[in-house]
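Inspection log for the structure reproduced underneath, given as structure tokens.
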Amino acid sequence: TARKSSFFFQMDRYLTVFSLKPKDAAAAESSVQDFNVKDIARIYKGPDVVAKVPSLGEAIGTQCVGLDTNRADRRLFFHFDEPIERDRFYTCLKILRMSVEIQQVK
């Protein structure tokens with residue numbers, strides 16, 4: 001389902017797992033979600049998000065970073081108010097994903 005919710009994005013100390021924790025303190029303990037970076041199948045942003053999910057609309061979709069995961073074919077979308085923040089997040093995730101791929105090859 002598509003709904004906009006606020007979460008804290010947190011990485012573990014080894015940069016292999018990220019967690020999404022609701023900013024709403026009442027829901028925070030019961031609904032923390034963990035994801036392995038190695039489970040990220042695809043990372044995309046802006047116009048690619050709009051192309052994959054036209055129902056988001058151009059105004060919202062172009063401000064998002066999308067992640068496709070191997071975990072039950074789940075998709076995550078992160079919305080940013082500023083394009084520079086979206087691009088920084090996108091770049092960091094791409095680098096993290098590439099580093100995990102390199103570690104798997106070794």
Side-chain angles (χ1 to χ4, degrees):
T1 60
R3 68 183 184 281
K4 193 173 167 185
S5 304
S6 295
F7 285 83
F8 291 108
F9 181 94
Q10 184 176 351
M11 293 292 306
D12 73 330
R13 66 192 308 201
Y14 302 106
L15 303 176
T16 57
V17 175
F18 68 91
S19 301
L20 297 176
K21 181 178 180 181
K23 285 189 177 180
D24 175 12
E29 288 304 315
S30 63
S31 57
V32 173
Q33 300 174 61
D34 294 326
F35 298 87
N36 285 313
V37 174
K38 68 179 179 182
D39 291 337
I40 298 173
R42 186 158 184 251
I43 305 167
Y44 46 98
K45 66 177 180 172
D48 291 333
V49 172
V50 176
K52 271 195 165 275
V53 189
S55 61
L56 286 176
E58 192 166 330
I60 293 174
T62 55
Q63 294 297 101
C64 292
V65 172
L67 302 180
D68 292 347
T69 70
N70 296 326
R71 188 170 140 183
D73 295 324
R74 187 161 183 195
R75 283 183 176 166
L76 301 171
F77 297 96
F78 299 89
H79 179 267
F80 296 88
D81 292 330
E82 298 293 327
I84 189 74
E85 295 300 323
R86 178 205 62 199
D87 293 346
R88 185 176 296 139
F89 184 75
Y90 171 83
T91 302
C92 289
L93 281 179
K94 292 289 271 189
I95 291 168
L96 281 171
R97 182 63 187 110
M98 284 188 284
S99 71
V100 168
E101 287 175 4
I102 290 169
Q103 291 301 319
Q104 288 176 343
V105 170
K106 288 184 177 182

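The shortest non-hydrogen separation linking C64 to V49 is O-CG2, 3.6 Å. When all heavy atoms of T62 and P47 are compared, the pair lying nearest together is CG2-N, 4.5 Å. Nearest heavy-atom pair across I43 and R97 is CD1-CB, 4.0 Å.
Side-chain contact between F18 and I40: present, with at least one pair of heavy atoms (C-beta onward) separated by less than 4.5 Å. Within the 4.5 Å cutoff, side-chain heavy atoms of F78 are placed close to those of L20. Looking at F35 and L76, their side chains come closer than 4.5 Å, going by heavy atoms from C-beta outward.
Within a 6.0 Å radius of CD in Q10, no more than 12 heavy atoms belonging to other residues, nucleotides or ligands are found.
Atoms CZ and OG1, on R75 and T69 in that order, are 10.0 Å from each other to the nearest 0.5 Å. To the nearest 0.5 Å, atoms CZ (R74) and CG (D39) are separated by 12.0 Å. Here the CZ-OG1 distance, from R86 to T91, works out to 9.5 Å after rounding to the nearest 0.5 Å. One distance of note links NZ of K21 with CZ of F7; it measures 12.0 Å at 0.5 Å rounding. Here the CD atom belonging to E82 is positioned 11.0 Å from the CG atom belonging to D87, to the nearest 0.5 angstrom. Separation of atoms CZ (R42) and NZ (K94) is listed at 8.0 Å; rounding is to 0.5 Å.
Cluster annotation: V100 and V65 are assigned to the same hydrophobic cluster (Ile/Leu/Val/Met/Phe/Trp/Tyr, side-chain heavy-atom contacts under 4.5 Å, transitive). F80 and L56 are not part of a single hydrophobic cluster, where members link through side-chain heavy atoms under 4.5 Å apart. F77 and L96 sit in two unconnected hydrophobic clusters of ILVMFWY residues. Membership requires side-chain heavy atoms under 4.5 Å apart, directly or through other members. Criterion: ILVMFWY side-chain heavy atoms under 4.5 Å apart, direct or through other members. Under it, V37 and F9 are part of a common hydrophobic cluster. When hydrophobic clusters are built by joining Ile, Leu, Val, Met, Phe, Trp and Tyr residues whose side-chain heavy atoms come closer than 4.5 Å, directly or via intermediates, L93 is grouped together with M11.
For residues 50-62, the pairs satisfying salt bridge (charged side-chain N to carboxylate O under 4.0 Å, His left out) are K52-D68, with sequence neighbours left out.
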